[in-house]
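Each chain gets a letter, A, B and so on, in the order the sequences are listed, and its residues count up from 1.
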Amino acid sequence: MEDEAKRAIEAILMVTEHPADPALLAQLTEVSIDEVARLVGELRAEYEADNRGFVIVEVAGGYRFQSHPDLAPYLERYVLEGQTARLSSAGLETLAIVAYKQPISRAQVAAIRGVNVDGVMRTLEQRGYIAQVGREPGPGNPILFGTTPRFLEALGLSSVDDLPPLASFVPGADVVEQLEAGLRADAAVEPEPEPEPEPEPEPDPDAHQARTDPPDEPGDQ
Amino acid sequence: MEDEAKRAIEAILMVTEHPADPALLAQLTEVSIDEVARLVGELRAEYEADNRGFVIVEVAGGYRFQSHPDLAPYLERYVLEGQTARLSSAGLETLAIVAYKQPISRAQVAAIRGVNVDGVMRTLEQRGYIAQVGREPGPGNPILFGTTPRFLEALGLSSVDDLPPLASFVPGADVVEQLEAGLRADAAVEPEPEPEPEPEPEPDPDAHQARTDPPDEPGDQ
Amino acid sequence: MGYHVHTPVFDGPFDLLLHLILREQVDLYEVSLAEIVDAYLSEIERLEQMNLEFSTEFLLIAATLVELKTRRLLPDDGTVDLDDELALWEERDLLLSRLVECKTFKDAARVLGGLSANAGLSYPRHGGLEERYLGLVPDLLEGVDASELRTAFLRATAPKPVPTVDLSHLHAVRITVADAVAELADELPRAGRLSFRELTSSLVERLEVVVRFLAVLELFKQGLVDIEQAQAFGDIHISWIGSTQFDGDLELVDAYDG
C-alpha cells in the first residue's frame with residue numbers, strides 16, 4: 001500500500017540517527033529501492049508545497065530530515081553547542097586534495113601543497129572529515145587517507161562521485177600561458193632559443209561557470 | 001510574522017535532541033508562549049489532515065517530533081533488523097572513558113580519543129548507558145556525562161567503584177612517591193622491603209575540572 | 001614595472017608566485033626579494049605574533065625565488081652545457097605543472113568551501129529511538145564484562161605515537177653557508193685572487209654553487225673580499241682584502257639552511 005510505505009518512511013526517518021540507507025528503507029517497507037526514491041521525491045514535493053520548515057535530503061548515501069536552510073538564523077541561536085568552527089583555507093585546500101586524490105598519503109598531499117601538512121591533516125582527522133583508509137604497499141608503508149561519511153554530510157553530498165569534476169577547475173589555457181610566460185621571462189633577456197610552448201590543457205568551457213567567484217581571484221583579469 | 005515562527009518551530013523541533021521547552025521556542029521565535037502553543041496546535045492539525053507518518057507530542061514539559069503510533073510495526077522491524085547488535089570498539093572505548101573519568105564532557109572525551117565522538121556519545125546516551133549528569137561551571141557550560149544504573153546492570157556491577165582498578169598500570173605521582181618513601185624507610189631498617197600498597201584507582205573528580213577544552217570543539221553542523 | 005605585495009594574500013606556498021605571474025605580471029627575475037621581505041616583516045609586525053604556517057610558506061616561496069634568481073646570477077658566458085639547459089627547462093616545466101596543480105586545488109577548495117557553507121545552513125535531525133521501542137533493542141553490552149571495559153580504557157588512553165615532521169619534500173642541505181664561509185676564509189687568503197668559476201669548479205650540485213655564492217656575498221658584506229666583474233656575464237673575480245687570518249664573525253653568518 002503506497003500511502004502506508006510513504007508514512008512508514010517518514011516515521012523511520014524520524015528515529016534514525018544517521019542518514020537512512022535506501023536499501024534498508026526498502027526492506028522495512030517492502031517496496032523496491034526505486035519506489036523508495038519515488039516516495040521520498042513525493043514527500044519532498046509535499047513539504048515544499050506546504051512550505052514546511054524542514055526538508056529531506058540525500059547525504060552520505062542515505063536520506064535524512066534536516067532543517068530548511070532559510071531558517072538557519074533561528075537554528076544558529078539554538079544550536080550553540082557542537083557547532084563546527086570553519087575550516088581555514090589551508091584546511092580546505094588539503095581537504096580538496098584528499099577528496100579528489102584519495103586514497104593518498106600525507107607525503108603526497110605535502111608534495112602537492114608544497115609545505116608540510118601534518119598539522120592540517122591531524123586537524124582534519126580529528127574533525128572526522130578524513131580517516132586512515134589503508135596503507136601503501138611501497139617502502140615504509142605510508143598511511144593512506146580518504147574522506148569520511150562525515151565529510152559528505154558536511155558538504156551535503158551523497159557520495160564522492162557527486163563532487164564537481166576536478167577537470168572543471170583546471171586553469172584555462174590563458175592562465176597557463178600566463179604562468180608559463182612568467183617563468184620564461186628570462187628567456188627574453190638571455191640569448192636563448194625560445195622553447196616551444198607547453199601544450200595547454202583542454203580549454204574547458206565549463207571551467208569558469210563551475211568556479212565560484214572569489215573576491216580576489218588572481219587568475220581572471 | 002506568523003508563518004515564519006511556525007516554520008521556525010518545525011525546524012527547531014526537527015533538530016532538537018531533547019524535548020524543546022515552549023518558553024525557549026517562544027524566545028527564539030519572538031512570539032508569546034501562548035502563541036507557540038497555538039502554532040504547535042496548528043501544525044498537529046495539519047499533519048493529521050495530511051496523514052503524515054509523524055506527530056508532535058508534548059513530553060517532559062517540552063515538544064518533540066516522534067513517529068506516528070500506528071506505524072509501530074515498522075519501527076519494531078527497524079529496531080530488530082536495522083540496528084547493529086554489538087557495540088563497536090570505538091563505542092566501547094568511549095563508554096570506558098566516560099565510566100572511568102565521569103563526570104566528563106564530550107570535548108574531554110574527544111580529546112582523549114583524538115577523534116570526534118558526537119555520534120558515539122549520542123548512541124550511548126540513547127541506549128541508556130550514559131546520561132547527562134550536570135554542567136561544567138566553566139565557559140560555555142558544557143554538559144557533563146556519567147554512566148547510568150542500566151550500564152551497571154549490564155556489566156553486573158553494583159557501583160562504579162566496582163570497576164576494575166586501572167592503577168596497577170598507571171600509578172599516580174603520589175603513589176610512586178609513597179612507594180619510594182616506603183622503600184627508603186624500609187632500607188634503613190631491614191634490607192628486604194615488601195611494599196605492595198594497593199594503588200588507588202585513577203579517576204579523580206578534580207581531574208576533569210582542571211583540564212581545559214580542546215581549542216576547537218569538534219561537533220555537528 | 002610597479003610591484004606591490006599585499007601580504008595578506010600569502011595564503012599558500014605558491015600564492016606569491018601566482019600573484020607575481022598572474023596579477024602583477026612582472027618578470028620574475030626583476031622581483032626584488034628585499035621588497036618581499038620588507039612587506040613580509042611589516043605584515044608580521046602588524047599581526048603582532050608569529051604564525052608558523054604563514055612563515056613557513058613564506059620561506060618556501062622566498063627559497064624558490066632565490067633559487068630561480070640565483071640561476072640568473074650564476075656566471076654564464078653563453079656556452080651553457082646543453083644538458084644543463086635541458087635540465088633547467090625540465091625544472092621549469094615541473095614548476096609550471098606544480099603551479100597549475102596548485103591553482104586547480106585552490107579553486108576546487110573554494111567550491112568545496114561554498115558547498116560546506118550551504119550545507120551548514122541546514123541542521124540534521126539525529127533522531128534516536130523513542131522510549132517505547134528501547135525495550136526491543138538488543139543489549140549492546142551483551143557478553144561484555146568489566147575487564148573488557150578496563151582494557152578498552154587502557155587502549156584509548158595509551159600514548160599515541162608522536163607525529164614526526166616529514167621533511168622528505170625539502171632539499172637535503174649538504175653544506176651550510178657558514179661552512180662555506182669558513183672554507184673560503186681558509187682558501188682565499190692563500191690564493192689571493194680567484195674567479196668564481198675556479199672557486200666552484202669542483203662542485204657538482206647546483207645547490208652547492210648557490211651556497212658558495214652566498215658565502216662570497218657574506219664575506220663581501222663583512223669587508224673581507226673585493227668583487228669585480230669586468231663585463232656583463234663575464235667572470236667574477238674575488239680578491240681577499242682582509243688580514244691573512246680570518247677575523248670575521250661566523251656567528252654573524254645568517255643561517256640560510258632553515
Side-chain angles (χ1 to χ4, degrees), chain A residues 3-18 20-21 24-25 27-30 43 46-47 50-55 65-87 122-123 125-129 131 148-150 153-154 156, chain B residues 3-16 20 24-25 27-29 43 46 50-55 65-75 77-79 81-82 106-107 110-111 113-119 122-123 126 140-143 214-221:
Chain A
D3 197 46
E4 175 99 347
K6 196 155 89 174
R7 297 182 67 231
I9 290 171
E10 280 183 312
I12 295 165
L13 290 187
M14 271 301 157
V15 304
T16 53
E17 289 162 30
H18 306 288
D21 183 0
L24 176 66
L25 292 174
Q27 178 197 328
L28 297 174
T29 57
E30 292 174 353
L43 288 171
E46 289 166 22
Y47 299 158
D50 294 347
N51 200 21
R52 295 269 160 248
F54 48 79
V55 292
F65 274 114
Q66 64 184 33
S67 61
H68 196 292
D70 68 12
L71 295 163
Y74 295 95
L75 275 297
E76 273 159 22
R77 275 181 262 168
Y78 177 68
V79 192
L80 289 176
E81 219 177 332
Q83 269 296 82
T84 307
R86 294 193 53 150
L87 282 174
R122 210 161 27 242
T123 304
E125 199 181 352
Q126 277 166 1
R127 297 265 195 102
Y129 292 140
T148 60
R150 190 185 169 84
E153 285 191 49
Chain B
D3 197 45
E4 174 100 347
K6 196 156 85 174
R7 297 182 70 230
I9 290 172
E10 275 185 312
I12 295 166
L13 292 187
M14 199 42 93
V15 167
T16 181
L24 180 64
L25 289 174
Q27 183 197 328
L28 291 171
T29 57
L43 288 171
E46 288 166 23
D50 293 345
N51 201 22
R52 294 269 158 247
F54 48 77
V55 292
F65 273 113
Q66 64 182 41
S67 60
H68 196 293
D70 69 10
L71 295 162
Y74 293 96
L75 274 294
R77 289 189 64 182
Y78 166 72
V79 173
E81 297 175 29
R106 240 193 294 252
R113 291 252 301 125
V115 292
N116 184 289
V117 294
D118 291 3
R122 205 177 298 117
T123 303
Q126 278 162 354
N141 292 99
I143 297 165
D216 57 282
E217 149 106 21
D220 307 348
Q221 54 274 307

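A:L13 contributes atom CG, which lies 10.0 Å from atom CZ of B:F54 (distance to the nearest 0.5 angstrom). Distance check: A:E10 CD to B:H68 NE2 gives 10.5 Å after rounding to the nearest 0.5 Å. The distance from the CD atom of A:E17 to the CZ atom of B:R122 is 7.5 Å, given to the nearest 0.5 Å. In this structure, CD on B:E4 lies 7.0 Å from CG on A:D70, to the nearest 0.5 angstrom. The CG atom of B:D50 sits 9.5 Å away from atom OH of A:Y47, with the distance rounded to the nearest 0.5 Å.
Salt bridge annotation for A:R150-B:D118: absent, with no cationic side-chain nitrogen under 4.0 angstrom from a carboxylate oxygen.
Among all heavy-atom pairs drawn from A:V15 and B:Y78, the shortest one is CG2-CE2, 3.6 Å. In this structure, B:G53 and A:A11 approach most closely via the heavy-atom pair O-CB, 3.4 Å.
Residues A:M14 and B:R52 have side chains not in contact (no heavy-atom distance under 4.5 Å, counting atoms from C-beta outward).
B:L28 touches chain A through backbone and side chain together, each having a heavy atom under 4.5 Å away. With a threshold of 4.5 angstrom between heavy atoms, A:I9 does not approach chain B through any atom at all. In this structure, chain B has a heavy atom under 4.5 Å from the side chain of A:L24, while its backbone stays farther away. Of the two parts of A:E30, only the side chain, counted from C-beta on, holds a non-hydrogen atom closer than 4.5 Å to a non-hydrogen atom of chain B.
In this structure, the side-chain hydrogen bond (donor to acceptor under 3.5 Å, both in side chains) partners of B:Q66, at least two apart in sequence or on a different chain, are B:R64.
In terms of modelled atom types and a separation under 3.5 Å, the side chain of A:R7 and the main chain of B:N51 share a donor-acceptor contact.
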